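Being a predicted model, the structure only gives us computed values, none of them experimental. Every chain is numbered from 1 and lettered A, B, ... according to where its sequence line falls, protein lines coming before strand lines.
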2 protein chains.
Amino acid sequence: MEKYFEKLKNNGFKLTPRRRAIIDLFVSCGSHLSPEMVWHKLKLKFKRCGLPGVYRNLEALLKCGILVRIQQADRKKHYGLCVSGDNHHHHITCIKCGKVEDIKDCAIRGIDKIKGYKIVSHFMQVNGICASCRE
Amino acid sequence: MEKYFEKLKNNGFKLTPRRRAIIDLFVSCGSHLSPEMVWHKLKLKFKRCGLPGVYRNLEALLKCGILVRIQQADRKKHYGLCVSGDNHHHHITCIKCGKVEDIKDCAIRGIDKIKGYKIVSHFMQVNGICASCRE
DNA sequence: CTGTAAATAGAAACAATTTCTATTTAGTAT
DNA sequence: ATACTAAATAGAAATTGTTTCTATTTACAG
Ligand SMILES: [Mn+2]
Ligand SMILES: [Mn+2]
Ligand SMILES: [Zn+2]
Ligand SMILES: [Zn+2]
């Protein structure tokens with residue numbers, strides 16, 4: 001918890017009740033959430049709470065390295081707590097419970113060319129069913 | 001060209017001027033396009049031409065296996081001609097000219113579990129600069 | 001040719017996200 | 001403690017990308 005507050009400060013962001021609550025939320029649910037899901041949860045705690053603020057805060061937490069952006073097949077944004085910090089990696093998501101875990105091995109990493117292309121960026125997302133959701 | 005018309009017929013779709021023009025467009029430009037880009041091109045040929053129709057046709061061509069959906073980091077849909085047909089593969093896209101090529105080797109293929117997860121789906125997209133765009 | 005289901009344009013609805021404006025607040029400087 | 005200021009906020013409105021709806025037109029089988 002403290003380390004997240006540190007990250008906010010180090011990046012010039014203020015520690016507000018909203019941000020505290022959003023971090024809490026991700027820590028306690030342990031899965032990835034869309035801005036709308038975060039908003040619904042926050043509204044239980046704060047009766048005045050705007051969706052644009054949620055979007056801004058999720059981006060702020062992303063900039064601090066507290067959250068990562070999970071790329072899903074739908075057109076929504078998804079964010080999750082990232083344990084591995086800045087090290088390049090990808091994510092595997094459970095389609096039942098939404099849990100997000102790191103995949104450390106990256107097939108692309110280390111390769112600088114495919115088919116003569118100079119590789120600039122890539123992303124990968126794996127979806128599956130985690131051990132506990134399979135019983 | 002003929003093979004594409006075959007594919008339409010085999011899937012119960014009619015061969016219309018719009019569809020002919022869309023296929024032409026992808027064959028001649030050799031890169032991936034968003035619905036809006038396709039629409040702009042079509043409007044040069046047909047003075048009455050709706051964007052919803054473009055969306056419907058791109059989905060129709062996708063169902064026939066003529067086009068594939070390219071997953072980009074933006075919130076737009078992108079489609080491209082797919083040479084490899086139904087075989088599982090991913091794509092590398094040139095960020096300069098938009099050209100799309102197949103990546104046959106898939107890091108996930110053959111692996112059925114990562115971190116105890118039963119893998120259900122995955123996607124991967126690589127962006128780079130192709131040999132001719134680098135001179 | 002004729003009939004019918006599919007394809008179409010254009011308007012409107014929709015969903016996710018972003019921008020704008022006025023008000024409030026966190027953290028710093030007194 | 002108090003005042004100050006830049007950052008954070010709510011709520012409304014705008015934007016963007018996509019889908020749905022309705023009436024009209026068209027491809028193509030019979
Ligand atoms: Mn991670
Ligand atoms: Mn392909
Ligand atoms: Zn990687
Ligand atoms: Zn693959």
Side-chain angles (χ1 to χ4, degrees), chain A residues 1-2 4-25 32-64 66-67 69-79, chain B residues 1-2 4-25 32-64 66-67 69-79:
Chain A
M1 220 61 227
E2 268 312 313
Y4 296 133
F5 301 160
E6 276 305 310
K7 282 193 173 184
L8 274 171
K9 290 210 170 162
N10 296 342
N11 290 271
F13 290 105
K14 292 178 178 174
L15 175 54
T16 68
R18 293 296 121 103
R19 286 177 183 158
R20 223 186 263 272
I22 293 175
I23 294 169
D24 269 354
L25 180 58
H32 69 115
L33 300 164
S34 65
E36 227 202 338
M37 290 154 87
V38 172
W39 185 47
H40 283 312
K41 293 287 184 183
L42 285 197
K43 280 194 296 190
L44 302 175
K45 239 180 177 163
F46 307 92
K47 62 168 168 303
R48 310 181 101 240
C49 178
L51 186 51
V54 172
Y55 275 94
R56 254 180 289 107
N57 278 327
L58 291 171
E59 280 305 303
L61 296 176
L62 181 68
K63 279 210 191 94
C64 299
I66 296 172
L67 296 178
R69 177 93 182 272
I70 313 283
Q71 184 97 19
Q72 294 288 53
D74 62 14
R75 216 161 342 93
K76 292 180 192 163
K77 293 184 161 187
H78 292 258
Y79 297 85
Chain B
M1 219 60 226
E2 268 311 312
Y4 295 132
F5 301 161
E6 276 305 309
K7 282 194 174 186
L8 274 171
K9 291 212 168 161
N10 295 342
N11 289 272
F13 289 106
K14 291 178 179 174
L15 176 55
T16 68
R18 293 295 123 103
R19 289 179 181 157
R20 223 185 264 271
I22 292 175
I23 294 170
D24 269 355
L25 181 56
H32 69 114
L33 299 164
S34 65
E36 226 199 339
M37 289 153 87
V38 171
W39 186 46
H40 283 311
K41 293 286 184 181
L42 284 197
K43 280 195 297 191
L44 302 175
K45 238 179 174 165
F46 307 92
K47 62 167 168 307
R48 309 180 103 242
C49 179
L51 186 51
V54 172
Y55 275 93
R56 255 179 289 108
N57 278 328
L58 291 171
E59 280 305 302
L61 297 175
L62 181 68
K63 280 210 191 93
C64 298
I66 295 172
L67 296 178
R69 177 93 181 272
I70 313 284
Q71 184 97 20
Q72 295 287 50
D74 62 15
R75 205 159 7 90
K76 293 180 193 165
K77 293 184 160 187
H78 291 259
Y79 297 85

D/dT18, C/dT18, C/dA16: which one has an atom nearest the side-chain heavy atoms of B/Pro35?
-> D/dT18

Take atom NZ of B/Lys76 and atom P of D/dT15, then tell me their distance rounded to the nearest Å.
-> 16 Å

Find the distance A/Trp39:CH2 to C/dT17:C1' and express it as a whole number of Å.
-> 13 Å

OP1 or OP2 of D/dT19 sitting under 4.0 Å from any side-chain N/O of B/Lys77?
-> yes

Please answer whether the main-chain N or O of B/Lys76 pairs with a side-chain N or O of B/Asp74 as donor and acceptor at a distance below 3.5 Å.
-> yes

Output yes when at least one side-chain N/O atom of B/Tyr55 is less than 4.0 Å from OP1 or OP2 of D/dT19, else no.
-> no

So does A/Arg48 get a side-chain nitrogen or oxygen closer than 4.0 Å to the phosphate oxygens (OP1/OP2) of D/dG11?
-> yes

Using a heavy-atom cut-off of under 4.0 Å over every strand shown, decide if B/Arg56 touches base, sugar-phosphate, or nothing.
-> base

Between protein and nucleic acid, restricted to nucleotides 27-30 of chain C and to nitrogen or oxygen atoms under 3.5 Å apart, what atom pairs and distances do you find?
{"residue": "C/dG27", "atom": "OP1", "partner": "A/Leu15", "partner atom": "N", "Å": "2.9"}

Between CG of B/Leu33 and P of D/dG17 the distance, given in whole Å, is 15 Å

Of the listed nucleotides D/dT20, D/dA27, C/dA16, the one nearest the side chain of B/Pro17 | D/dA27

Are A/Arg20 and A/Phe5 in a cation-pi setup, meaning NZ or CZ lies under 6.0 angstrom from the ring centre and within 45 degrees of the ring axis?
-> yes

Between B/Arg75 and B/Asn57, the residue closer to the 5' end of DNA chain C by nearest nucleotide is B/Asn57

Test item: A/Trp39 side-chain N/O and A/Cys49 main-chain N/O as donor-acceptor pair under 3.5 Å | yes

Hey, is NZ on B/Lys43 packed in by over 12 heavy atoms from elsewhere, all under 6.0 Å?
-> yes

Once you round it to whole Å, what is the distance between P of D/dT9 and CD1 of A/Ile22?
-> 8 Å

Between A/Lys14 and A/Arg19 the two heavy atoms that sit nearest each other are O-NH1, 2.8 Å

To the nearest angstrom, the CG-P distance between B/Leu8 and C/dA6 comes to 15 Å

Length of the CG-C1' vector between B/Leu61 and C/dA7, whole Å = 13 Å

Looking at side-chain heavy atoms only, is the closest gap between A/His32 and A/Tyr79 below 4.5 Å?
-> no

Check B/Leu62 against B/Leu67 and note the closest heavy-atom contact, atom names and distance.
-> CD1-O, 3.3 Å

Here the distance between atom C1' of C/dA11 and atom CG of B/Leu51, to the nearest Å, is 13 Å

Between B/Leu62 (CG) and D/dT19 (P), how many Å, whole number?
-> 12 Å

